[in-house]
**Student:** 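This is the structure I want to talk about, given as structure tokens.
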Number of protein chains: 2
Amino acid sequence: MNKHGEAIAQFTKHKSTHGLKSSDKRSFVVDHFIQADRHFTVEELYFEVKKLRPEISYSTVYRALKLLAKCGLASESMFGEAVSRYEPVHSSAHHDHLICNRCGRIIEFENDKIEKLQKDVARNYDFLVSAHRLELYGLCKKCRRKKNR
Amino acid sequence: MNKHGEAIAQFTKHKSTHGLKSSDKRSFVVDHFIQADRHFTVEELYFEVKKLRPEISYSTVYRALKLLAKCGLASESMFGEAVSRYEPVHSSAHHDHLICNRCGRIIEFENDKIEKLQKDVARNYDFLVSAHRLELYGLCKKCRRKKNR
DNA sequence: ACAATTATGAAAATGAATTGCAATTTCATA
DNA sequence: TATGAAATTGCAATTCATTTTCATAATTGT
């Protein structure tokens with residue numbers, strides 16, 4: 001089963017264990033989010049969905065994303081902005097972000113060495129880490145070229 | 001001149017170069033922030049100031065913090081919460097944060113190795129970094145002890 | 001002191017997140 | 001297939017921090 005299939009399966013499982021029912025609209029939103037496999041604000045996802053299924057409301061999108069977050073398929077993060085972004089959670093490794101200040105592109109990366117050093121730091125402070133966030137802001141490859149335009 | 005004095009001087013300079021006037025109230029807020037030398041939300045700083053100078057309004061505190069941010073003496077960050085926090089900027093090194101999910105304590109740290117690895121990552125993506133943020137969330141020393149209470 | 005400009009306080013506006021509620025849909029069971 | 005309890009949906013209303021407006025007060029240069 002592919003990655004998307006797994007995610008859908010996990011969502012279905014969460015529904016059954018939580019007494020939730022199926023719904024076309026929510027499924028559409030969930031599928032779209034999982035297929036897209038990238039960051040969304042509620043509003044961004046809402047606008048995309050609306051193009052294809054105009055009868056789906058903001059509330060439904062909002063609640064679908066909250067639900068995805070609850071069942072571990074999306075994580076909510078606030079990239080220093082005032083709006084929440086939801087990103088797909090890949091069962092695999094945690095990832096950090098490079099965020100372009102110009103075009104908004106978000107690049108994910110992983111770096112084991114950094115992760116390890118983080119643990120060292122935490123140990124020094126007798127701090128028990130449950131989550132972390134690392135974000136590098138600046139200009140992405142494309143935007144560096146057009147820096148002075 | 002001590003660190004606080006330098007900060008005050010920088011603030012004074014910013015005022016003169018920007019045609020701003022002096023004000024008792026704003027100075028009080030600015031001094032308090034600089035002396036305290038720690039994180040504040042607007043509201044937190046407002047409540048502290050209010051105890052000592054009840055005639056100072058939320059607006060003044062808000063605008064003072066915005067101003068401090070503009071002149072580089074404070075930086076605004078959103079620790080994954082819905083509220084902005086302002087932290088003193090020390091002319092010296094950048095620092096990252098350990099954030100206790102239980103008591104809210106924020107511990108600052110610096111780690112050159114991590115900084116270096118970040119640069120390596122950026123280089124790999126041809127990304128030009130202008131700022132970064134690293135936050136480790138979890139339980140601080142004190143809160144680990146009372147974890148199960 | 002006067003004029004010009006900035007600072008202040010209180011209230012209103014903004015904007016995103018969240019919730020309440022009535023109408024609708026789902027689904028297990030009769 | 002019909003039923004009813006429970007979940008879902010859309011819209012409007014609320015919440016809550018941030019930000020702006022505007023009338024008044026304070027500051028600064030002349």
Side-chain angles (χ1 to χ4, degrees), chain A residues 11-33 39-50 52-71 74-87 104, chain B residues 11-33 39-50 52-71 74-87 104:
Chain A
F11 183 68
T12 304
K13 185 181 173 188
H14 184 271
K15 277 195 302 186
S16 69
T17 57
H18 289 73
L20 305 184
K21 295 176 178 173
S22 297
S23 116
D24 240 28
K25 293 173 180 175
R26 182 169 60 199
S27 295
F28 186 84
V29 175
V30 167
D31 288 355
H32 192 86
F33 177 76
H39 299 262
F40 282 104
T41 62
V42 175
E43 201 177 23
E44 285 164 359
L45 183 53
Y46 170 58
F47 279 123
E48 285 202 7
V49 161
K50 198 170 60 167
L52 305 164
R53 295 282 301 272
E55 77 280 16
I56 295 179
S57 74
Y58 181 95
S59 299
T60 295
V61 175
Y62 169 80
R63 288 189 270 230
L65 281 173
K66 277 287 174 194
L67 190 54
L68 283 163
K70 268 187 194 163
C71 65
S75 77
E76 219 177 334
S77 31
M78 309 194 43
F79 290 100
E81 306 163 278
V83 296
S84 300
R85 281 184 180 279
Y86 291 81
E87 62 172 313
Chain B
F11 183 70
T12 303
K13 185 181 175 188
H14 184 270
K15 277 195 303 186
S16 70
T17 57
H18 287 72
L20 304 185
K21 296 178 178 174
S22 297
S23 120
D24 241 28
K25 293 173 180 177
R26 182 169 60 198
S27 296
F28 185 84
V29 175
V30 167
D31 289 355
H32 192 87
F33 176 77
H39 300 265
F40 283 103
T41 61
V42 176
E43 203 179 22
E44 284 164 0
L45 183 53
Y46 169 58
F47 278 122
E48 285 202 8
V49 162
K50 198 170 62 166
L52 304 163
R53 297 281 302 270
E55 77 281 15
I56 296 179
S57 73
Y58 179 95
S59 300
T60 296
V61 175
Y62 168 80
R63 288 187 274 230
L65 280 173
K66 277 288 172 194
L67 191 54
L68 283 163
K70 267 187 195 162
C71 67
S75 77
E76 219 177 333
S77 30
M78 308 196 44
F79 291 101
E81 307 163 278
V83 295
S84 301
R85 282 184 178 280
Y86 292 80
E87 62 171 312

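Order of the sequence lines sets the chain letters (A, B, ...), proteins ahead of strands, with each chain counted from 1. None of the values given here were measured: they were computed from a predicted structure.
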**Student:** Rounded off to whole Å, could you give me the NZ-to-P distance for the Lys50(A) and dC11(D) pair?
**Tutor:**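 Between P of dC11(D) and NZ of Lys50(A): 11 Å.
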**Student:** What is the per-nucleotide protein-contact pattern of nucleotides 18-30 of chain D, from the 5' end, where B denotes a base atom under 4.0 Å from a protein heavy atom, S denotes such proximity for sugar-phosphate atoms only, and - denotes neither?
**Tutor:** BBBB-----BS--
**Student:** Is Glu55(B) salt-bridged to Lys25(B), going by a charged N under 4.0 Å from an acidic O?
**Tutor:**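 Salt bridge between Glu55(B) and Lys25(B), a charged N being under 4.0 Å from a carboxylate O: no.
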**Student:** Which whole-number value in Å describes the distance from Tyr46(B) OH to dA17(D) C1'?
**Tutor:**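 Between C1' of dA17(D) and OH of Tyr46(B): 14 Å.
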**Student:** Which heavy-atom pair separates Tyr86(A) from Phe33(A) by the least distance, and what is that distance?
**Tutor:**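 Minimum heavy-atom contact is O-CE1, 3.8 Å.
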**Student:** Can you check the Ile56(B) CD1 to dA7(C) C1' distance for me, whole Å?
**Tutor:**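 My rounded result for the distance is 12 Å.
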**Student:** In Å, rounded to the nearest 0.5 Å, how long is the span from CG of Asp24(B) to CG of Asp31(B)?
**Tutor:**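 Separation between the atoms: 10.0 Å.
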**Student:** How many whole angstroms separate atom NZ of Lys15(A) from atom P of dT25(C)?
**Tutor:**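 So the two atoms are 17 Å apart, to the nearest Å.
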**Student:** Where each residue is assigned the nucleotide of DNA chain C containing its nearest heavy atom, which of His18(B) and Val61(B) is assigned the position nearer the 5′ end?
**Tutor:**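 The 5'-side residue here is His18(B).
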**Student:** Out of the candidates Arg85(A), Glu87(A), Lys66(A), only one should pair with Glu76(A) under the side-chain contact (heavy atoms from CB on, under 4.5 Å) rule; please name it.
**Tutor:**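 Going through Arg85(A), Glu87(A), Lys66(A) one by one, the side-chain contact (heavy atoms from CB on, under 4.5 Å) with Glu76(A) is satisfied by Lys66(A) alone.
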**Student:** When you check the phosphate oxygens OP1 and OP2 of dG10(D), does a side-chain N or O of Lys25(A) lie under 4.0 Å from one of them?
**Tutor:**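 Yes, Lys25(A) has a side-chain N/O under 4.0 Å of OP1/OP2 on dG10(D).
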**Student:** Where do Val42(B) and Val61(B) come nearest, in terms of heavy atoms and distance?
**Tutor:**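 So the two residues come closest at O-CG1, 3.9 Å.
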**Student:** Measure CG/Leu67(A) against C1'/dT18(C) and give the value in whole Å, please.
**Tutor:**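 So the CG-C1' distance, Leu67(A) to dT18(C), works out to 15 Å.
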**Student:** State the pairing partner of dA30(C); accept Watson-Crick or G-U wobble contacts with both distances under 3.5 Å, and report none otherwise.
**Tutor:**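 Matched dA30(C) with dT1(D) under the 3.5 Å cut-off.
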**Student:** Classify the ring geometry of Tyr58(B) against Tyr46(B): parallel below 30°, tilted from 30° to 60°, perpendicular beyond 60°.
**Tutor:**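 Ring orientation, 0 to 90° scale: perpendicular.
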**Student:** Between atom CZ in Phe28(A) and atom C1' in dT8(D), what is the gap in whole Å?
**Tutor:**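 Phe28(A) atom CZ is separated from dT8(D) atom C1' by 17 Å.
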